[in-house]
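When a residue number appears, it is its place in the shown sequence, counting from 1.
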Amino acid sequence: MQLHILTTSLLLLLAGDAAPVTAHPSPGPELNLKLARQASQTSKYCAPQSSICYLQYATTSASYPIFRIAVPDVTSAPFDAILQIVSPVSLGWVGFSWGGGMTSNPLTVAWPNGNTGKATVSSRWANGRTLPSTYSSASYKTLSSSKNSTHWTIELVCTGCSQWTGGQLSVNGNTINTFAWAYSKTAVPQPANPSSSFSIHNNVGMFSDNLSVAKVPQATFQEYVKKAGL
């Protein structure tokens, strides 16, 4: 599969003004970008316990989160979208940008809910380099969440993340979508509260690809969402 990796730390600051942090700290930005491209990739991932396949973004580092996206096989936005985040337990929160940057697009922020074994999802939007505010134009249904000794995981379906004022996702196989991510190692102060504040990120990055491998037959998508949310 052709890779479209644009990992960088210059565009996404999910929680306030701060100097950008490179995705792979090392001596010099040129080496950082080279290492990031070598160590991260998009691919097709099919869950062994279901009929759902995803576009997956992962790196070779066990300290980074994994992101998986699935969408129904439709021709254009708006549509519901599934996002799965698999995060090391060392991370306090993980953020995902549907439009490839911090501002002017839906942001999905998730964090572990203390020791409950569950995770909390928060819908956010930012108009500037400040703590993103809650965003009511995107809503979420948690399909599953869990936590073990090494990772916490959340899978959710978002209504309102595929199209927003000023942008939208494309399901055209010839069109590239750019996404972005961030994370912090600091736990949020109110883990059960989706409106909780959260700290500045420790790391940020981006990736790009089309959504061809993320497409799921509409009936399969709808049935999965219905069953998983029970």
Could you tell me whether the side chain of Arg124 and the main chain of Pro132 form a donor-acceptor pair under 3.5 Å? yes

Side-chain donor/acceptor of Ser145 to backbone N/O of Lys118, under 3.5 Å: no

Can you find a heavy atom in the side chain of Gln41 that is under 4.5 Å from one in the side chain of Tyr57? no

Looking at OH of Tyr54 and CG of Leu83, how far apart are the two atoms once the value is rounded to the nearest 0.5 Å? 10.0 Å

Find out whether Tyr140 and Ser123 are in side-chain contact, i.e. whether some heavy atom of one side chain is under 4.5 Å from a heavy atom of the other. yes

Rounding to 0.5 Å, atoms NZ (Lys226) and CZ (Phe221) come to a distance of 15.0 Å

Side-chain touch Pro106/Tyr135, heavy atoms, less than 4.5 angstrom: yes

Let's go through Met206 and Thr178 carefully: what are the C-alpha distance in whole Å and the side-chain angles of both, what is the deciding distance for side chain to side chain contact (heavy atoms under 4.5 Å, CB included) to 0.1 Å, and is it a yes or a no? CA-CA 7 Å; Met206 300 170 67; Thr178 298; 3.4 Å; yes

Centre of Tyr45's six-membered ring, under 6.0 Å away, within 45 degrees of the axis: is that where NZ or CZ of Arg68 sits? yes

Where do Ser199 and Thr186 come nearest, in terms of heavy atoms and distance? OG-CB, 3.3 Å

Residues Ser63 and Ser61: side-chain donor-acceptor under 3.5 angstrom: yes

Do side-chain atoms of Ser196 reach the backbone of Gln190 as a donor and acceptor pair under 3.5 angstrom? yes

Got a donor-acceptor contact below 3.5 angstrom from the Ser50 side chain to the Ile52 backbone? yes

Using every non-hydrogen atom in the two residues, find where Gln168 and Ala77 come nearest and quote the distance to one decimal. OE1-CB, 4.0 Å

CD1/Ile85 to OG1/Thr153 distance, rounded to the nearest 0.5 angstrom? 9.5 Å

Checking Trp164 side chain against Gly99 main chain: does a donor-acceptor pair fall under 3.5 Å? no

For Pro65 and Tyr183, which heavy atoms make the closest approach, and how far apart are they? CD-CD2, 3.7 Å

What's the spacing between Asn105 CG and Trp125 CH2 if we round to 0.5 Å? 6.0 Å

Which residue pairs pass the disulfide (SG to SG under 2.5 Å) test with at least one member in residues 117-201, sequence neighbours excluded? Cys158-Cys161

Considering only residues two or more places apart or on different chains, which pairs with a residue in residues 60-118 satisfy disulfide (SG to SG under 2.5 Å)? none

More than 12 foreign heavy atoms under 6.0 Å from CG of Asn148: is that the case here? yes

Report whether Val121 and Val89 are members of the same hydrophobic cluster (ILVMFWY, side-chain heavy atoms less than 4.5 Å apart, transitive linking). no

Please report the interatomic distance CG(Leu91) to CG(Asn203), rounded to the nearest 0.5 Å. 9.5 Å

Ignoring hydrogens and angles, tell me if any N or O in the side chain of Ser97 forms a donor-acceptor pair with the backbone of Gly101 under 3.5 Å. yes

Quick one: are Ile82 and Leu143 in side-chain contact, heavy atoms under 4.5 Å? yes

Pro189 and Ser197 have their tightest heavy-atom pair at CD-O, 3.2 Å

For residues Trp152 and Ser146, determine if any side-chain heavy atom of one lies less than 4.5 Å from a side-chain heavy atom of the other. no

Tightest non-hydrogen contact, residues Asp80 and Pro72, listed as O-CD, 3.1 Å

Thr108 and Trp98: side chain donor to acceptor below 3.5 Å: yes

Once rounded to the nearest 0.5 Å, what's the spacing between atom CG of Leu169 and atom CD1 of Ile69? 8.0 Å

What about Trp181 and Phe96, are their ring centers closer than 6.0 Å? no

Are Thr42 and Leu55 side-chain neighbours, meaning at least one heavy-atom pair lies under 4.5 Å? yes

Going by heavy atoms in the side chains, are Leu211 and Asn177 under 4.5 Å from each other? yes

Would you check if the side chain of Ser162 reaches a backbone N or O of Phe79 as a donor-acceptor pair within less than 3.5 Å? yes

Taking side chain to side chain contact (heavy atoms under 4.5 Å, CB included) as the test, write out the residues that go with Ser51, two or more places apart. Thr220

State, without any angle test, whether Asn210 and Ser212 hold a side-chain donor-acceptor pair at a distance under 3.5 Å. yes

Taken in chain and number order and not counting sequence neighbours, the residues that satisfy side chain to side chain contact (heavy atoms under 4.5 Å, CB included) with Asp73 are Lys215

Using side chain to side chain contact (heavy atoms under 4.5 Å, CB included) as the criterion, list what pairs up with Ser90, not counting sequence neighbours. Pro88

Applying a strict under-4.5 Å side-chain criterion to I, L, V, M, F, W and Y, I'd like to know whether Tyr224 and Val86 cluster together. no

Nearest heavy atoms of Ile154 and Ala110, plus distance in Å: CG2-CB, 4.0 Å

Please name all residues satisfying side chain to side chain contact (heavy atoms under 4.5 Å, CB included) with Pro191, sequence neighbours left out, ordered by chain then number. Trp111, Asn113, Val188

With the side chain counted from C-beta on, respond yes when Leu156 and Lys141 share a heavy-atom pair under 4.5 Å apart, and no when they do not. no

